[in-house]
There are 2 protein chains.
Amino acid sequence: MDQQSIDAALRARAAKVIPGGMWGHQNATRVPVGYPQYFSRSEGCRIWDADGRSYIDYMCAWGPMILGYGDPDVEEAAARQRAQGDGLNGPTPRLVELAELMVDTVAHADWAMFSKNGTDATTACVTIARAGTGRRKVLVARGAYHGAIPWCTPSVAGVTEEDRAHLVYYDYNDAASLEEAAGSVKGDLAAIIVSAFKHDLGKDHVLPERAFAHAARRVADEADAALIVDDVRAGFRLDMGGSWELVGVKPDLSAWSKAIANGRALAAVTGNDRFREGARSIFTTGSFWTAGVSMAASIATITKLRNTDAVGLMSASGERLRAGLQAQARKYGLALRQSGPAQMPVFLFEGDEDRSLGSRFCVEALNRGVYFHPTHTMFLSAAHTSEIIDETLEITEEAFKAVAHVHEELAAKAG
Amino acid sequence: MDQQSIDAALRARAAKVIPGGMWGHQNATRVPVGYPQYFSRSEGCRIWDADGRSYIDYMCAWGPMILGYGDPDVEEAAARQRAQGDGLNGPTPRLVELAELMVDTVAHADWAMFSKNGTDATTACVTIARAGTGRRKVLVARGAYHGAIPWCTPSVAGVTEEDRAHLVYYDYNDAASLEEAAGSVKGDLAAIIVSAFKHDLGKDHVLPERAFAHAARRVADEADAALIVDDVRAGFRLDMGGSWELVGVKPDLSAWSKAIANGRALAAVTGNDRFREGARSIFTTGSFWTAGVSMAASIATITKLRNTDAVGLMSASGERLRAGLQAQARKYGLALRQSGPAQMPVFLFEGDEDRSLGSRFCVEALNRGVYFHPTHTMFLSAAHTSEIIDETLEITEEAFKAVAHVHEELAAKAG
């Protein structure tokens, strides 16, 4: 990045007024050198950084964008609601319409509640499970991300032992470890929380195995505990009925956020009647949780996702991208390991332990106009048409060529 | 409320798809019968319920509205940003501009971070204090509201003992109790958290005493702990530099939300350099925390608040309302106890232990077009001009007349 760039100037100013220059997952020190920190514009599946360079975007704002930035149907619904009112002294009728739509859309749902962050939703699920069962222990998969407050944040800074006193860990897709964890807290099990699929940072992504998913359902039932699916990251990209419809398991509670309003701040909890009283009994709220505009946007988003088979389109585009990348990697003698659902892919290079090859490949793509992430789940949207995939593949061809060259040089030097 | 009303029909539908029909502080079962649950429109200082009845609004969406609903300057800034982009793969330049503006505006602030809920901000303050000090205990005033997740929610449903293991309680404005609480956790004190003023639900509101505020600062300093002011509810209504500027005390950390973006979902933490490293070290984040539109709205809001002496206007309007209500109450032989800052008032009737008189008065005002809250902090905005106050007082005159009549009848019956 040019030292005189707008991005560099903004970073220098930010260093003074924001601790560490930036917090959380969007801190550009978490992506390779050369990636921009600041962005200025978006349209369809494209974003522009602060210096005006445009990219085909495979992060979709880290998931929230699912129909395309500025989708006209969503924007129209949001603008119509804005003209009426957003946050008021109580909800707008959009709350009821959206709750009905979630119940109609999500297979396990008898009811819905809304909030703003994915963390609000996962935290509410756990609290509802505890309130509904009168028990305390929650089984969590090792390495899974469920949010960023002390009970679940991946960091330990500022976290006390007591914040996680009632968490017990198991391994994703390992039914025996789940049963062992449940056995260790007999009589005190409130909930099992599972991600829609295993999407740990920097690791191959793994879909839930059917046997594991059914074991999770059985273990929860035997203990009369809640099965919680954390669908914050995957929600409405894999299955409109909820991601675990793919393995034939209905959770008791699900946490939603990211894509449900095509980018506007909204989160949701859906639940079944078994946990209705638990949900009613807790006190959770926020100043903006009933605001009408994000709910109007969500209604428009979900309706359009349903009516256009967006899941099918995203999956097909993801498969097209995956096949193209695989062929290119082979052509240039690089072993690319692609995993996760096609519409939420991650790709890692075989043997690239320090991620230097992956980083280099992503920077080469970035410099040619494609925004990938080298270690995190990526996201496709309904705006990623087959034409966009083909445009992407023309760029990745050049990126592969560039890194194959470097790769060979390095191999020669090492030899 | 008419059984055939739109509000009643929405409530009936909600009862099926939302646990208890509604969650949290906006549940209309928490206000007297006759209050609407659903709202459909807003403009300036007025809101309309779902059945089209309009009210002069003294809740301001429970605080977020501070310049008037649909303030043209804020809406223009937000619309301009929306046309460029909202949530992207990283922040927009608005992040830096807003952080600089917060640092320039808030007296104690060397830096700022942003999130979505007041609870996000209070939780981050506590986490930063623990990270920065390496200690655990947090002193909290009995009965104070600091948010709605397990460590702080007023309910106990779904909360475990460990969620509050490191909280120690003191009494607001009681320096001795604060010192005693600090003494009980010697060597392990991370923070003291105080509300901007004592605004507990259903109680007279009490401003911080100067001696108490300075004692809080001293106790924190002696223990090398953080003094946190929770300015979520009061922020930018009492003093643009932070509410404790009024008592001459600078906190280390402050939590902000509600009014900072005139209704759009935004929260902030501001801190001093002593806690910059603690803030840098924690991992807190959310999918929508860097979205540009709410930040553009916040920049426009803060700029306008500063340029128009909104605090002075709100205070003057609040005093005009208070004086008018006091004169009317006296005229009708009712003992009205008004407390809190004039721009964030609460009023309770003397001897009205079951709140029946207060509820009746509020319903009489509601039915004539003024939306008060019988037990919670109310809020004035810059749109509450002296003309609006006078219009309000014409209505409250009638409301007092109505309850004085009932009051006398009841007194006669009782006699």
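Residue numbers start from 1 in every chain, and the chains themselves are labelled A, B, ... in the order their sequence lines are given, proteins ahead of strands.
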Can you tell me which of [options] forms the most heavy-atom pairs within a distance under 4.5 Å of chain A?
options	result
B:Ala79, B:Gly278, B:Gly85, B:Ala112	B:Ala112
B:Ala279, B:Ala165, B:Gly90	B:Gly90
B:Lys16, B:Lys116, B:Gln84	B:Gln84
B:Ala109, B:Gly132, B:Gly134, B:Ala99	B:Ala99
B:Met59, B:His166, B:Glu277, B:Arg94	B:His166
B:Ala148, B:Ala131, B:Ser40	B:Ala148

Please state whether the side chain, the backbone, both or neither of [X] comes within less than 4.5 Å of a heavy atom of chain A.
X	value
B:Ile128	neither
B:Trp48	neither
B:Phe39	both
B:Thr284	both
B:Leu10	both
B:Arg135	neither
B:Phe283	both
B:Ala265	both
B:Ala15	backbone

Between [X] and chain B, with a heavy-atom cut-off of 4.5 Å, which part of the residue counts as in contact: side chain, backbone, both or neither?
X	result
A:Glu43	neither
A:Asp120	side chain
A:Pro91	both
A:Arg233	neither
A:Thr160	side chain
A:Ser281	both

Mind checking the [atom1]-[atom2] spacing from [X] to [Y]? Nearest 0.5 Å is all I need.
X	Y	atom1	atom2	result
A:Arg164	B:Glu162	CZ	CD	14.5 Å
A:Ser42	B:Arg82	OG	CZ	9.0 Å
A:Ser287	B:His25	OG	NE2	5.5 Å
A:Thr92	B:Asp49	OG1	CG	13.0 Å

From CA spacing to verdict: side-chain contact (heavy atoms from CB on, under 4.5 Å), B:Asn117, A:Asn117: CA-CA 9 Å; B:Asn117 303 310; A:Asn117 304 310; 3.0 Å; yes

Side chain A:Gln26, main chain B:Leu88, donor-acceptor under 3.5 Å: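 Such a contact is found between A:Gln26 side chain and B:Leu88 backbone.
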
Sidechain-backbone polar pair: B:Thr127 side chain, A:Gly158 backbone, donor-acceptor under 3.5 Å: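 Checking the backbone N and O of A:Gly158 against the side chain of B:Thr127, no donor-acceptor pair under 3.5 Å is found.
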
Parallel, tilted or perpendicular: rings of B:Phe114 and A:Trp23 (30°, 60°):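 A:Trp23 and B:Phe114: tilted rings.
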
CA sep, side-chain torsions, deciding dist, call: B:Met22, A:Thr290, side-chain contact (heavy atoms from CB on, under 4.5 Å): CA-CA 10 Å; B:Met22 182 59 199; A:Thr290 62; 3.3 Å; yes

CD/A:Glu161: more than 12 non-hydrogen atoms of other groups inside 6.0 Å: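 For A:Glu161, atom CD is not crowded (no more than 12 foreign heavy atoms under 6.0 Å).
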
Selection from A:Arg280, A:Arg264, A:Arg41 maximising heavy-atom pairs under 4.5 Å formed with chain B: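 Among the listed options, the one with the most contacts to chain B is A:Arg264.
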
Winner by heavy-atom pair count (cut-off under 4.5 Å) against chain B, out of A:Glu100, A:Met65, A:Arg136, A:Met102: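 Ranked by heavy-atom pairs under 4.5 Å with chain B, first place is A:Glu100.
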
With side chains defined as the heavy atoms from C-beta onward, is the minimum distance between [X] and [Y] less than 4.5 Å?
X	Y	answer
A:Asp57	B:Asn89	yes
A:Arg13	B:Glu97	yes
B:Ile18	A:Leu95	yes

Shortest non-hydrogen contact between B:Phe288 and A:Ser257, atoms and distance: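 Scanning both residues, the minimum pair turns out to be CE1-OG, 3.4 Å.
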
Closest contact, heavy atoms only, A:Arg276 versus B:Pro19: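 Where A:Arg276 meets B:Pro19 most closely, the heavy atoms are O-CB, 3.6 Å.
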
side-chain contact (heavy atoms from CB on, under 4.5 Å) assessment of A:Tyr38 paired with B:Val96: CA-CA 10 Å; A:Tyr38 291 91; B:Val96 182; 3.3 Å; yes

Polar side chain donor-acceptor pair, B:Asp163 to A:Trp151, under 3.5 angstrom: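 Result is no, nothing qualifies.
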
CA sep, side-chain torsions, deciding dist, call: A:Ile282, B:Val159, side-chain contact (heavy atoms from CB on, under 4.5 Å): CA-CA 9 Å; A:Ile282 72 164; B:Val159 174; over 6 Å; no

